[in-house]
Amino acid sequence: MGAPATPPPPEATLVRLVREAAGLSPETAAARMDIKFSGSRWRQIERGWRKDSDTPVMAPDATLAHMSFTLGISSERLAETGRDKAVEILRELERSKAPAPEEPEPSPLADLEEWQQKVILNALDEKPRSAREKALLLRTLAAKIEAQAAEQEQPSE
């Protein structure tokens with residue numbers, strides 16, 4: 001029993017190159033997968049054959065998608081290998097596991113009533129200022145108020 005004469009499939013070569021570039025062993029990469037997977041099976045897929053039986057091995061589409069997702073291989077890059085069904089699954093993994101967009105921090109003015117916001121903005125307009133100067137002034141005031149709040153929160157000795 002020896003190595004087969006045919007090289008591994010292109011997707012297996014891609015997975016191996018990306019894993020090696022990341023400095024991961026097959027066992028470490030397999031352990032990072034969301035599904036249960038072994039390092040020995042990972043090696044078989046990368047090689048494209050099983051040593052014990054000299055039979056060809058090709059990753060099932062879902063397995064290839066999970067391996068690619070674990071390594072950060074994009075669906076566009078996997079598509080270059082021609083494994084279209086695995087690409088579809090990988091795209092779904094990318095969509096479903098993408099981090100939710102962060103909520104923007106609410107504006108401090110949002111809690112103020114409209115008339116209060118107008119008072120603050122009118123006070124800034126009493127002396128002609130650019131929008132940049134107004135923003136700097138508000139940030140400076142906010143920093144002073146935050147510093148005062150921090151002092152008040154500290155227990156007195």
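What you see is a predicted model, and the numbers here were worked out from it, not measured in a lab. Sequential numbering from 1 along the given sequence is applied to the chain's residues.
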Original post:
OG of S96 to CD of E94: how many Å apart, nearest 0.5 Å?
Top reply: 9.5 Å
**OP:** Output all residues satisfying salt bridge (Lys or Arg N to Asp or Glu O under 4.0 Å) with R139, sequence neighbours left out; order by chain, then residue number.
**Re:** none
Original post:
For R95, which residues count as a side chain to side chain donor-acceptor pair (under 3.5 Å) partner, sequence neighbours excluded?
Top reply: E92
Quiz: residues 62-71 side-chain donor-acceptor pairs under 3.5 angstrom, not counting sequence neighbours:
unit_1, atom_1, unit_2, atom_2, d
S68, OG, L64, O, 2.9
T70, OG1, H66, O, 2.8

**OP:** Hey, could you give me each pair passing salt bridge (charged side-chain N to carboxylate O under 4.0 Å, His left out) that has a residue in residues 55-73? Not counting sequence neighbours.
**Re:** D61-R83
Subject >> E11 and V15, any side-chain heavy atoms less than 4.5 Å apart >> reply: no
Original post:
Who passes side chain to side chain contact (heavy atoms under 4.5 Å, CB included) against I145, sequence neighbours left out?
Top reply: none
**OP:** Show the numbers, then the answer: is there a side-chain contact (heavy atoms from CB on, under 4.5 Å) between I73 and L14?
**Re:** CA-CA 9 Å; I73 297 171; L14 172 64; 3.9 Å; yes
Original post:
Who are the side chain to side chain contact (heavy atoms under 4.5 Å, CB included) partners of E88, not counting sequence neighbours?
Top reply: K85
Subject >> With E80 via side chain to side chain contact (heavy atoms under 4.5 Å, CB included) - residues at least two apart >> reply: R77
Original post:
In chain order, what residues pass the side chain to side chain contact (heavy atoms under 4.5 Å, CB included) check against S40, with sequence neighbours excluded?
Top reply: S38
Subject >> All salt bridge (Lys or Arg N to Asp or Glu O under 4.0 Å) counterparts of E27, not counting sequence neighbours >> reply: R43
**OP:** For D34, check salt bridge (Lys or Arg N to Asp or Glu O under 4.0 Å) against everything at least two apart and list the hits.
**Re:** K97
Original post:
Do P8 and R47 come close enough that some side-chain heavy atom pair is under 4.5 Å?
Top reply: no
**OP:** Could you tell me which residues satisfy salt bridge (Lys or Arg N to Asp or Glu O under 4.0 Å) with E114, sequence neighbours excluded, listed by chain and number?
**Re:** K118
**OP:** Using the side-chain hydrogen bond (donor to acceptor under 3.5 Å, both in side chains) rule, collect all pairs that involve residues 12-24, keeping only residues at least two apart or in two chains.
**Re:** R16-E20, R19-E46
